[in-house]
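Just follow the structure's listing: the first ligand is 1, and inside any ligand the first atom is 1. No experiment lies behind these values; they were computed from the predicted model shown. The figures that follow rest on heavy atoms only: side chains count, while hydrogens, waters and symmetry mates do not.
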Amino acid sequence: MFTIGCHLSASKGFLAMGQTALSLGANTFQFFTRNPRGSKAKELDSKDVAAFLAFARENHFGTLLAHAPYTINPCSDRPEVREFARMTLADDLGRMEYLPGNLYNFHPGSHVGQGVETGISLIAETLNEILFPEQQTTVLLETMAGKGSEVGSHFEELREILNRVTLSEKIGVCLDTCHVSDGGYDIVGDLDGVLTQFDKVIGLTRLKAIHINDSKNPLGAHKDRHEKIGEGSIGTEAFARIINHPALRELPFLLETPNELPGYAAEIALLKSLRKDG
Ligand code: FE
Ligand code: FE
Ligand code: ZN
């Protein structure tokens with residue numbers, strides 16, 4: 001199955017997101033668990049969640065991707081900032097149990113000058129505090145562009161985090177095409193080589209989702225500016241290879257491109273037209 005969707009606003013609830021996704025030609029979507037700038041999460045409406053789960057089943061939806069607010073920083077140098085990240089992640093993971101079997105993605109964090117080693121330790125510490133044996137959600141570390149002091153722009157850094165997490169089977173990776181290209185991995189010229197490297201360092205079994213974004217900047221720019229599919233430095237042909245690659249094709253693909261809904265519908269249609277059967 002080709003599982004394809006885009007980031008949607010969660011303001012009208014889960015059933016509304018499901019209906020919007022379907023109207024765009026999607027069979028999954030990504031949503032922020034709360035305001036992306038942090039702050040309080042809305043109470044979950046159990047009727048809305050139940051209606052959505054039935055709707056998703058009827059319409060053969062694939063795995064969903066929840067995204068943590070991007071302002072949390074589990075490896076800040078300030079204890080109160082780390083504590084806020086820990087509380088937010090723990091609260092989100094608890095709420096994700098109402099949507100069992102899905103994915104929860106977060107940005108590992110920025111070490112703000114403490115060094116990558118310290119950053120990795122603090123991130124793993126946070127994960128060891130929030131993961132629980134019964135959880136039905138897989139938590140994903142997102143590959144980052146390496147902007148500022150971001151941790152996670154090298155596969156080795158993600159591997160180091162994985163090595164230190166006790167409930168390791170609860171953790172996976174989400175590969176963002178814009179971020180890895182900005183991070184210096186040549187997915188346009190050498191997709192096979194990048195995936196071989198990913199497999200050696202992290203293991204392809206850890207890869208659970210793809211953020212499918214073009215980039216406004218060239219390979220290795222460390223900028224993180226997403227572009228519409230086919231309008232950036234990655235380009236349509238590379239995306240055709242990515243969505244059809246045997247190691248990737250069964251994963252959920254989520255667009256985070258600068259689009260309103262009609263733009264997303266057009267990109268979903270384009271990617272479907274590039275998808276090869278079998
Ligand atoms: Fe992200
Ligand atoms: Fe992303
Ligand atoms: Zn990004």
Verdict with reasoning, H222 to D182, per side chain to side chain donor-acceptor pair (under 3.5 Å) | CA-CA 5 Å; H222 303 298; D182 279 25; over 6 Å; no
For the atoms OD1 of D224 and NE2 of H226, give the angle they form at the Zn ion (ligand 3), rounded to 10 degrees.
-> 90°
Under the 3.5 angstrom rule, does the side chain of E231 hit a backbone N or O of K216 as a donor-acceptor pair?
-> no
CZ (R225) with more than 12 external heavy atoms under 6.0 Å = no
Is any N, O or S atom of H179 under 2.8 Å away from the Zn ion (ligand 3)?
-> yes
Do side-chain atoms of R57 reach the backbone of F52 as a donor and acceptor pair under 3.5 angstrom?
-> no
Using atom types as modelled and distance alone, determine if a side-chain donor or acceptor of K223 lies under 3.5 Å from a backbone N or O of G220.
-> no
Taking N59 for the side chain and F61 for the main chain, is one N or O donor matched with an acceptor at less than 3.5 Å?
-> no
Checked the Fe ion (ligand 1): protein N, O or S atoms closer than 2.8 Å come out as H67 NE2, H107 NE2, E142 OE1
Any side-chain donor-acceptor pair under 3.5 Å between H7 and Q30?
-> yes
